[in-house]
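Read through the structure below, which is laid out as structure tokens, and then see the notes.
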Amino acid sequence: MTMQLRKMKPYLQSLLRVAPRPIITLFRDLSRFDDETRQRARLEWRVIADGEVNKGLAFTIEERQRLGILGLFPGSVRTMEDQLFAAKANIDARLNNLSRAHYLNALHNRHRRLYYRYLRDNIDDVMPIIYTPTVGDIVATYGLNFQFATSMYINITDRGHVNDVLQNWIEEDVSAVCVTDGGRILGLGDMGAHGMGICCGKMMLYTALAGIQPRVLMPICLDVGTDNQELLQDPLYVGLRMPRVKGAEYEELVDEFVKAVTHRYGLKTLIHFEDFATPNAFKFLDKYRSSYCVFNDDIQGTGCTGLAGFLNVERITGRKLDETIFLFVGAGSAAVGIILMLISELKRRGVSDDVISENIYIFEAYGLITCETENVPEVVQQFRKPVKPLADLAAVVDLAKPNILLGATGKAGIFTEAVLKNMAKHNEQPAVFALSNPTLLSECTAEQAYTHTEGRVLFCSGSPFPPVVIDGKRFEPAQANNCLTFPGIALGAICSQARTLPDEVYSVVAHELSQNTSQKRLDAGALYPTIKDASTVAFKVGVAVAEFLFNNGLSHLSVIPENICEYVKNRQYILEYRDALPPMWPYPEEPPTPPKREKEKKK
Ligand SMILES: NC(=O)C1=CN([C@@H]2O[C@H](COP(=O)(O)OP(=O)(O)OC[C@H]3O[C@@H](n4cnc5c(N)ncnc54)[C@H](OP(=O)(O)O)[C@@H]3O)[C@@H](O)[C@H]2O)C=CC1
Ligand SMILES: CC(=O)C(=O)O
Ligand SMILES: [Mg+2]
């Protein structure tokens, strides 16, 4: 017996390492049983309750016998394909996308390979369910639906103890964290601790699109309170019920968090900042980017996604970027991130500062940024125009005659009929980027864009819109979302164990994304690849990023792999079932003896 226990020790250790917390509690409750019963219970629950190992009805009868789980499933044995069929039937039977998202989320927790295989096979149908726009509903109903801890909360009250809190995460090896403080979730504003929904969604795309191992990913919410009065008064709110902490105390928590994560998991850990309010987003990026492997998705991921779209406008219209007039509506993380990428691209091409300043117009909530505008953030100072203040966007379009109009405001419908018609008046092929998420906050709909430009617009949007048919002609709007870049950036950074991620990385990414938009798509006026192609794009971006980091001495690894493409590929998550007990989990030659029945014991 002792011998058998010793043989099983590594296996049981791995069991405790991966078991979700409630399961560990279950083990504790088993203390009143004898050793054999405990071992057996652990094995049963190990294979069923760990989403990574569970195969559901795909466990063969032989496996069920061997693992001691016979009888815990109904009699049929299903292949992966059978289970995919059943999952699809379940999804189709549901009445709305939020309900579908709940089903998929539960599948993620209990049966991970099936979940990711389902996502891979149905990615264009599933993206609007697990990501924007439904992720906005997930966040909005987070308190109502909260059930199970699969992510980490670090509260302002944990200051001074963040290291200890992080020890409670069971995984020993984490390669990337996606962290929010809930300050600006999509265009929904301050969502406090409910912002966690976004980090979970982003990290699911790490695996679904870039094939990053789910075990090495940790979604985190820094709960520093919220100024959202509705949430504070909502009995279902799950976060700290206090006003948002700002200033030194808040910044010290972020600092402690960055140090604690890199202390536990190493400097190679990618720290992905998501949906912080704009001033904080820039502050932390500037503070940590030269010493840590940090990435701000809203600034940098969106920045290179936006630039890729501009490069494709150039490919379609033939008008060079240095001769293009841009009108940016909104000057938050997203728009400024794109402006910074555009400036670096134009400078790389030798365009002068004067031309850059002249060709870019910025329209904020109060109107066009002019020389008379006060309190203009430093980063956009150079774009003030020597004209009278102008608060009507349609009039600004008439004044500036932009070729590209880009909105990232979180304000629905501000690209009015007049704005769109003016874009069409000044351009044969106007380009309109309506980047705000979720769908309800888009600056205009695809239908409005095509209708008010006589179908001439090159339109893309942050959230997906269905195809539009006008006078029998079908238009397929492209999705312009940082999901086309952040999974690949993360894949490249993780595989190369990046030290830091300098601006040049994002330039590489923008060009890679642009080049991976097929000529067929461009001919149809689509500025980005389809979501169906997003995983191919993520892989290519990942390889390009890894190559750049290896070749520029930005990797923690001392040996550069000979074939980076193969190297990245070999690190991706395998979607096929593995043996129920793969060799990485040592298992005794003989399965543990089943517990004796009462009758036998009495004999
Ligand atoms: N498609 C994508 O990949 C991405 C999309 N986004 C989306 O972009 C939106 C903005 O995000 P972010 O930049 O971080 O948010 P911010 O809130 O930081 O920026 C929004 C900006 O828009 C300005 N604004 C508000 N109303 C108007 C108006 N009527 N006219 C002109 N400007 C206005 C705001 O000004 P003021 O501060 O004065 O109100 C602010 O400068 C969100 O909806 C988000 O979901 C973000 C990242 C990626
Ligand atoms: C897409 C994204 O990151 C946002 O809307 O904030
Ligand atoms: Mg975001």
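All ligand and atom numbering here is 1-based and tracks the order in the structure. One-based numbering along the sequence shown.
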Query raised in the report: Checking side chain to side chain contact (heavy atoms under 4.5 Å, CB included) for the pair Y506/L501: CA distance, chi angles, key distance, verdict?
Result: CA-CA 8 Å; Y506 304 106; L501 297 167; 3.5 Å; yes
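- Per-residue contacts place G330 under 4.0 angstrom from the following atoms of ligand 1 (heavy atoms of the residue considered): 21 (C), 22 (O), 23 (C), 32 (N).
- Among protein heavy atoms, the minimum distance from atom 12 (P) of ligand 1 is reached at R184 NE, 3.6 Å.
- Protein heavy atom nearest atom 18 (O) of ligand 1, with residue, atom name and distance: T278 OG1, 2.3 Å.
- The closest protein non-hydrogen atom to atom 8 (O) of ligand 1 is A408 CB, 3.8 Å.
- Residue-environment remark: CD (E447) stays at or below the threshold of 12 foreign heavy atoms within 6.0 Å.
- Interface atoms of ligand 1 facing V329, defined by a heavy-atom separation under 4.0 Å, are 31 (C).
- With no hydrogens or angles considered, no side-chain donor-acceptor pair links T439 and S442 at under 3.5 Å.
- Looking at D297, D298, D275 one by one, the single match for salt bridge (charged side-chain N to carboxylate O under 4.0 Å, His left out) with K202 turns out to be D297.
- For the pair S535 and A208, the tightest heavy-atom approach, listed with the atom from each and the gap, is CB-O, 4.4 Å.
- Some N or O of N437 is nearer than 3.5 Å to an N or O of ligand 2, by distance alone.
- An N or O contact shorter than 3.5 Å links L435 to ligand 1 by distance.
- Considering backbone and side-chain atoms alike, E364 places an N or O below 3.5 Å from some N or O of ligand 1.
- Among the atoms of E274, an N, O or S atom is found under 2.8 Å from the Mg ion (ligand 3).
- For ligand 1, the atoms lying closer than 4.0 Å to a non-hydrogen atom of D298 are 47 (C).
- The shortest separation from a heavy atom of N481 to ligand 1 is under 4.0 Å, placing the residue in contact.
- There is no side-chain donor-acceptor pair under 3.5 Å between T305 and N482.
- When hydrogens are left out, the protein atom nearest atom 9 (C) of ligand 1 is S436 OG, 3.6 Å; that is the closest non-hydrogen contact.
- Considering backbone and side-chain atoms alike, A334 places an N or O below 3.5 Å from some N or O of ligand 1.
- No side-chain donor-acceptor contact under 3.5 Å links S99 and N96.
- With no hydrogens or angles considered, no side-chain donor-acceptor pair links Y115 and N105 at under 3.5 Å.
- Using modelled atom types, one finds a donor on one side chain and an acceptor on the other under 3.5 Å when comparing D181 with Y250.
- Neither the backbone nor the side chain of I185 comes within contact range of ligand 2; no heavy atom lies under 4.0 Å.
- Residue N482 has at least one N or O atom closer than 3.5 Å to an N or O atom of ligand 1.
- Considering A365, G303, A335 only, the shortest heavy-atom separation from atom 36 (P) of ligand 1 involves A365.
- Side chain of T134 to backbone of I130: no donor-acceptor contact under 3.5 angstrom is found.
- Taking atom 19 (O) of ligand 1 as the reference point, the nearest protein heavy-atom neighbour is G332 CA, 3.3 Å.
- Counting heavy atoms under 4.0 Å from ligand 2, residue D275 touches it through the side chain alone.
- Atom NZ of K283 sits in a crowded spot, with more than 12 heavy atoms from other residues, nucleotides or ligands closer than 6.0 Å.
- F433 has its ring centre less than 6.0 Å from the ring centre of F310.
- For the pair L441 and ligand 1, no heavy-atom separation below 4.0 Å is found.
- Using a 4.0 Å cut-off between heavy atoms, F363 contacts ligand 1 through both its backbone and its side chain.
- A donor-acceptor pair shorter than 3.5 Å cannot be found between the side chains of E274 and T180.
- The OD1 atom of D298, the Mg ion (ligand 3) and the OD1 atom of D275 define an angle of 90° (nearest 10 degrees).
- Considering backbone and side-chain atoms alike, N481 places every N or O at 3.5 Å or more from each N or O of ligand 2.
- At the shortest separation from atom 48 (C) of ligand 1 among protein heavy atoms lies T302 OG1, 3.1 Å.
- Among protein heavy atoms, the minimum distance from atom 26 (N) of ligand 1 is reached at K411 CG, 3.2 Å.
- Residue-level proximity to ligand 2 for N482 is carried by the side chain, the only part with a heavy atom below 4.0 angstrom.
- Residues N403 and H426 bring no donor and acceptor atom of their side chains to less than 3.5 Å of each other.
- Defined by atom type and a distance below 3.5 Å, a donor-acceptor pair is present between the side-chain atoms of E443 and T409.
- Listed by number with element, the atoms of ligand 1 under 4.0 angstrom from any heavy atom of A480 are 1 (N), 2 (C), 3 (O).
- Contact annotation: for F486 versus ligand 2, there are no heavy atoms closer than 4.0 Å.
- Look at K540 and D533 and you find no salt bridge, because none of the NZ, NE, NH1 or NH2 atoms lies under 4.0 Å from a carboxylate O.
- With respect to atom 4 (C) of ligand 1, the closest heavy atom belonging to the protein is N437 ND2, 3.8 Å.
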